[in-house]
Protein chains: 2
Amino acid sequence: MLTSQRKALILDRLRWDGQVIAKVLADELDLSEDTIRRDLREMAAEKLLKRVHGGALPLSPELPDFTARQTVSSDAKRRLGTYAAKMIQPGQTVFLDGGTTNAEIARQLPKDLAATIVTHSPTIAGELEHHPAAEVILIGGKLYKHSMVATGAAAMAMIASIRADIFFLGVTAIHPARGFSTGDFEEAAIKRHIAHCSAETYVLATGEKLDAASPYQILPMKDVSGLVVPSDIAEESLAPYRETELALLLA
Amino acid sequence: MLTSQRKALILDRLRWDGQVIAKVLADELDLSEDTIRRDLREMAAEKLLKRVHGGALPLSPELPDFTARQTVSSDAKRRLGTYAAKMIQPGQTVFLDGGTTNAEIARQLPKDLAATIVTHSPTIAGELEHHPAAEVILIGGKLYKHSMVATGAAAMAMIASIRADIFFLGVTAIHPARGFSTGDFEEAAIKRHIAHCSAETYVLATGEKLDAASPYQILPMKDVSGLVVPSDIAEESLAPYRETELALLLA
DNA sequence: CATATTCGTGCAAATTCCTGCAGGAAGCAG
DNA sequence: CTGCTTCCTGCAGGAATTTGCACGAATATG
């Protein structure tokens, strides 16, 4: 194992577990504690972590609960969310994909809107706790931790039994030629499946997602009904999309 | 547990509960009281808290606001959660019912525990986001807002395909003669269904739930394997339960 | 005032840390 | 290929930190 691999692993571990213990890691990687300690010392000097007796901690320890909860959404995302929420008519069935942008839709939803919201994200379902008028259908399955959505055969089957009027698809990248894409194969498959089970598909995207491509295509441009982008986006970056069939909506 | 983590935990606890008791903390973290006392002394020297006989208090007694208060678990609930988390063995499949007490189990689960956690509560699924070793299966269905759990035929069907080793059942009331009960018919039905699909069923209960009854029975006393209650509960209130078959576990 | 906790200090054992050093692998020039 | 340098790693041993325990003092409680 290379030093830099080890250091990357340490950072990863810090991010997920919130701690690294020298002895444990040495044991696990079958290295002497000294080596680990050396790594930790160096990384502390590079301000990548905080060295403490026995191991190391992340620099900005994400305090449990309260700091994590108050996720601040950018102004652009909130505007996208508000716009999308207004697209939803009473009585409609809406499928909300996972992701922070779609969470913003849930948050901006009028409290008295009587619509059916389907989602495979427990996070988004949680946002809808205090929307008494909304009927929420939760899609079950094996939870894919990275993006916190239910996946797998069970999820696919449950999705197949639902036909939504609108699907708000979350993507990581949009490219005029390569369509809508994301970083995980399984995730791409399930998103595609949802789109096929829905009458219309819309994508909300902040500027930095445009003209980028991720490894796995979800859908080509033509399979998406509309793209919602912040209104303050540069006109020239939109030009390639004006030539496609999809509707460009400015929020 | 690293020293600085302990200190962070103490600060956190102070902020949310408004107090820290040396003995309780020592018990909970499985450390000597001396160690805790030392921490408190050092932190008092750093002006991070106010040392008092028996424990410590925050420097500026800012009372926690209401919304915060609700997410705070009482000391008793946290102890119940910790106890239950320790009952779970690596490799087991555990079904976690909804409710704040069961959320505490999820929160207290060791980050590196490789177990399968099944739940029909999006809230609890959310708590497990940063438990990389745990496999989380989310049960889908129509979301019942009052208690935030998936219900209905879809949920029932998905549950039927799973056989858990342990089911931690959440209830609103426990009565020696009338068994375990809750306030909603549909909820009672689904909880009963889960219990029947699990090898063992355990209930975690704080004192105020004992000797109370809600309209809809979930299970009679004899169908539950064990009842976990806080250890500081009055012995006479436990007497009626000692005569039943279920195991009484003191957390 | 009597009793039970809780506190603080000194101390010993265990753990963790750091420094210096040596062996081995990789790269490179001659 | 040889010799040199550089980097990484493990190890020894002395320093520093942490932890639990014992015992007498201080503090709460009734």
Side-chain angles (χ1 to χ4, degrees), chain A residues 1-14 16-59 61, chain B residues 1-15 17-59 61 74-76 78-79 82-83 86 108 110-112 207 230-236 250-251:
Chain A
M1 157 146 318
L2 303 173
T3 308
S4 44
Q5 280 182 303
R6 228 171 30 228
K7 293 193 177 176
L9 180 85
I10 289 171
L11 281 184
D12 205 48
R13 202 60 79 87
L14 275 181
W16 289 104
D17 296 354
Q19 63 164 196
V20 161
I21 294 174
K23 182 166 170 36
V24 171
L25 204 58
D27 238 39
E28 213 164 307
L29 299 181
D30 210 27
L31 286 166
S32 76
E33 290 180 43
D34 298 72
T35 302
I36 303 296
R37 270 197 282 268
R38 244 182 300 247
D39 287 344
L40 295 183
R41 223 178 305 158
E42 287 164 14
M43 293 171 78
E46 291 171 53
K47 305 254 184 265
L48 292 172
L49 48 76
K50 182 179 161 205
R51 186 77 169 88
V52 298
H53 196 94
L57 296 174
L59 268 189
Chain B
M1 156 133 341
L2 305 171
T3 308
S4 37
Q5 280 184 306
R6 226 171 33 227
K7 294 192 177 175
L9 180 85
I10 289 171
L11 281 185
D12 203 50
R13 201 62 77 88
L14 275 181
R15 173 146 186 190
D17 294 357
Q19 62 162 355
V20 160
I21 297 173
K23 182 163 172 34
V24 171
L25 205 57
D27 233 41
E28 209 165 309
L29 300 180
D30 212 28
L31 286 166
S32 76
E33 289 180 45
D34 298 72
T35 302
I36 302 296
R37 270 199 283 268
R38 242 183 301 248
D39 286 344
L40 296 183
R41 225 177 299 157
E42 288 167 14
M43 293 171 78
E46 292 171 53
K47 305 252 185 270
L48 292 171
L49 48 76
K50 183 178 164 205
R51 186 79 169 87
V52 296
H53 197 92
L57 295 175
L59 271 188
S74 68
D75 186 59
R78 194 160 36 227
R79 286 212 319 275
T82 307
Y83 186 97
K86 283 185 186 152
Q108 303 292 336
K111 284 251 175 23
D112 56 353
S231 55
D232 53 5
I233 208 164
E235 177 55 34
E236 60 264 32
L250 300 181

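Letters A, B, ... mirror the listed sequences (proteins, then strands); counts begin at 1.
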Counterpart residues, side-chain hydrogen bond (donor to acceptor under 3.5 Å, both in side chains), relative to [X] (two or more places apart):
X     : result
A/K50 : none
B/S32 : B/T35
A/R51 : none

Can you list the steps and then say if B/I36 with B/E33 is a side chain to side chain contact (heavy atoms under 4.5 Å, CB included)? CA-CA 5 Å; B/I36 302 296; B/E33 289 180 45; 5.5 Å; no
For atom [atom1] of [X] and atom [atom2] of [N], their distance in whole Å:
X     : N      : atom1 : atom2 : result
B/E42 : C/dC7  : CD    : P     : 15 Å
B/I21 : C/dC7  : CD1   : P     : 11 Å
B/L40 : D/dT19 : CG    : P     : 13 Å
B/D39 : C/dG8  : CG    : P     : 13 Å

Considering all heavy atoms, the nearest [X]-[Y] contact:
X      : Y      : result
B/P230 : B/L250 : O-CD2, 4.3 Å
B/L48  : B/L11  : O-CD2, 3.8 Å
A/G54  : B/L2   : C-CD2, 3.8 Å

Considering only residues two or more places apart or on different chains, which pairs with a residue in residues 20-29 of chain A satisfy side chain to side chain donor-acceptor pair (under 3.5 Å)?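 Residue pairs with at least one partner in residues 20-29 of chain A: A/R13-A/E28.
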Expected rows: protein N/O vs nucleotides 17-20 of chain C N/O, under 3.5 Å:
unit_1 : atom_1 : unit_2 : atom_2 : d
C/dC17 : OP1    : A/R51  : NH1    : 3.2
C/dC17 : OP1    : A/R51  : NH2    : 3.3
C/dC17 : OP1    : A/G54  : N      : 2.6
C/dC17 : OP2    : A/R37  : NH1    : 2.6
C/dC18 : OP2    : A/R41  : NE     : 3.3

Divergence of helical axes at both termini of the helix from C/dC1-D/dG30 to C/dG30-D/dC1 - five pairs an end, 10° steps: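 Its terminal axes enclose an angle near 40°.
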